[in-house]
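Computed from a predicted model, the values in this text were never measured in an experiment. Order of the sequence lines fixes the chain letters, A, B, ..., with proteins taken first and strands second; residue numbering starts at 1 for each chain.
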Amino acid sequence: MPELPEVESVRLQLLGKIVGKKITDVVVLHPKSTNHHPNFASLLVGKKIAHIDRVGKLMIFSFVKEPDFFLLGHLKMTGQFFFVQRKSIVGGGHSMSDTDSRDLPNKHTRISLHFSNGASLFFNDMRLFGYLKIATAGEVATARGRFGEEPIRADFDFDSFTEKLQRRGTSIKAALLDQSFVAGLGNIYVDEALFAAKIRPDRKANTLTAKEAKAVIKAGGKIMLHSIEVGGTTFQNFADTNGHAGNFTEHLKVFGKQGTLCPRCKKAKIQKTRVAGRGTHFCPNCQK
DNA sequence: CGGATTGTTCTTCC
DNA sequence: CGGAAGAACAATCC
């Protein structure tokens, strides 16, 4: 379940691996992953990666001397990028959860990109919700405009956020999951941020005080920045571009911890309920 | 084998 | 137009 920190971890790794590299071949193994674009492969061949940007959980690839041609990448729930320097190389030190580069492409590989230096990038996606989509500059601008602010930004506008919260009659969890409202949080980090801020996930958004609103965004930003530092969370379905699991999993306080004693108050067990249609974890004692 | 899993978009309704 | 709520998507796990 990749959220902002997982996407950012992938982006940072890819920056070092494919920027400046020229695409020499593209193989589409499942057209749905390209949004059924008929010329996906031929349009990409010959282009050189200039940069990779990110907004929320969306990756934006730009190309040298191509001002109106972009590639949008979204992992959704099970998308993964695997980078292999040489197909014949035999990697060592794999753990049980790792994907072995020798097995690529495998049955979940939807698109493969090959570069002039012999390297390959495989887009794997078991459940086919993710995509690599060709876009114009205008479409990129539209996509960017659909995102709210990211809690990891130092210039996050708390006053504006607090004001907008007052117009939300839904749960604070639903509000925080809305990418057009706040960008980057998903089911895991929302639960973790609400726990850190001592706010119950089912509280109505418009009942939060300005102090609470600031606290939950600050907590979300801090947690996500920490996660980026250690390579993201692997709860299910996340692997970095080398096929390795993320390291933030051990730092989770409530997500997946139902039935265990609250690590903060130690007076109640973490409960799992359903809020905003999602599995939701919280401490019934210290979250108000 | 039914139910749960989740990020986003779409639909429907207000 | 915006917000709310639920369905849909897809494959796998338990």
Distance, rounded to the nearest Å, where D125(A) contributes CG and dT12(C) contributes P: 11 Å
Sort and list the pairs that fulfil salt bridge (Lys or Arg N to Asp or Glu O under 4.0 Å) and have at least one residue in residues 134-144 of chain A, not counting sequence neighbours. D53(A)-R144(A)
Can you measure L128(A) atom CG to dT12(C) atom C1' for me and round it to whole angstrom units? 12 Å
Atom-to-atom span, CG of L75(A) to C1' of dG7(B) - whole angstrom: 11 Å
Looking at Q179(A), I'd like to know whether one of its side-chain N or O atoms comes within less than 4.0 Å of OP1 or OP2 on dG7(B). no
With heavy atoms under 4.0 Å as the rule, sort G279(A) into base, sugar-phosphate or nothing. sugar-phosphate
Applying ring pair (Phe, Tyr, Trp, His ring centres under 6.0 Å), name anything that partners F40(A), two or more places apart in sequence or on another chain. none
Report which part of the nucleic acid H108(A) touches: base, sugar-phosphate, or nothing (heavy-atom distance under 4.0 Å, all strands). sugar-phosphate
Quick one: label K272(A) by what it contacts on the DNA or RNA (base, sugar-phosphate, nothing), any heavy atom closer than 4.0 Å. sugar-phosphate
Between N or O atoms, less than 3.5 Å apart, protein on one side and nucleotides 4-7 of chain C on the other: list the pairs.
from: dA4(C); atom 1: OP1; to: G169(A); atom 2: N; distance (Å): 2.4
from: dA4(C); atom 1: OP1; to: T170(A); atom 2: N; distance (Å): 3.3

When rounded to whole Å, the CG to C1' distance for the pair N124(A) and dT12(C) reads 15 Å
Please state whether the rings of F248(A) and H226(A) are parallel, tilted or perpendicular, taking 30° and 60° as the class boundaries. perpendicular
Distance, rounded to the nearest Å, where F181(A) contributes CZ and dT8(B) contributes P: 16 Å
Nearest-Å distance, CZ (R146(A)) to C1' (dG2(C))? 16 Å
Can you check salt bridge (charged side-chain N to carboxylate O under 4.0 Å, His left out) on K253(A) and E192(A), steps first, answer last? CA-CA 7 Å; K253(A) 299 278 200 282; E192(A) 294 294 320; over 6 Å; no
Using the aromatic ring of F129(A) (for Trp, its six-membered ring), decide whether it stacks on the base of dT8(B) within the limits of 5.5 Å and 30°. no
All N/O donor-acceptor pairs, side-chain side in residues 62-70 of chain A, below 3.5 Å, sequence neighbours left out:
from: S62(A); atom 1: OG; to: H51(A); atom 2: N; distance (Å): 3.4
from: S62(A); atom 1: OG; to: H51(A); atom 2: O; distance (Å): 3.3
from: D68(A); atom 1: OD1; to: A137(A); atom 2: N; distance (Å): 2.8

Name every donor-acceptor pair, under 3.5 Å, that has one atom in a side chain of residues 153-161 of chain A and the other anywhere in the protein, sequence neighbours excluded.
from: R153(A); atom 1: NE; to: E150(A); atom 2: OE1; distance (Å): 3.2
from: R153(A); atom 1: NH2; to: E150(A); atom 2: OE1; distance (Å): 2.8
from: D157(A); atom 1: OD1; to: D159(A); atom 2: N; distance (Å): 3.3
from: D157(A); atom 1: OD1; to: S160(A); atom 2: N; distance (Å): 3.0

Rounded to the nearest Å, what distance is computed from the NZ atom of residue K76(A) to the C1' atom of nucleotide dT9(B)? 7 Å
Counting only side-chain nitrogens and oxygens, does H74(A) get under 4.0 Å of the OP1 or OP2 atom of dT8(B)? yes
Separation of dT8(B) atom C1' from K32(A) atom NZ, nearest Å, is 11 Å
For residues 15-25 of chain A, tabulate all N or O donor-acceptor pairs below 3.5 Å that involve a side-chain atom, not counting sequence neighbours.
from: K17(A); atom 1: NZ; to: T241(A); atom 2: OG1; distance (Å): 3.1
from: K17(A); atom 1: NZ; to: N242(A); atom 2: OD1; distance (Å): 2.4
from: T24(A); atom 1: OG1; to: H114(A); atom 2: O; distance (Å): 3.2

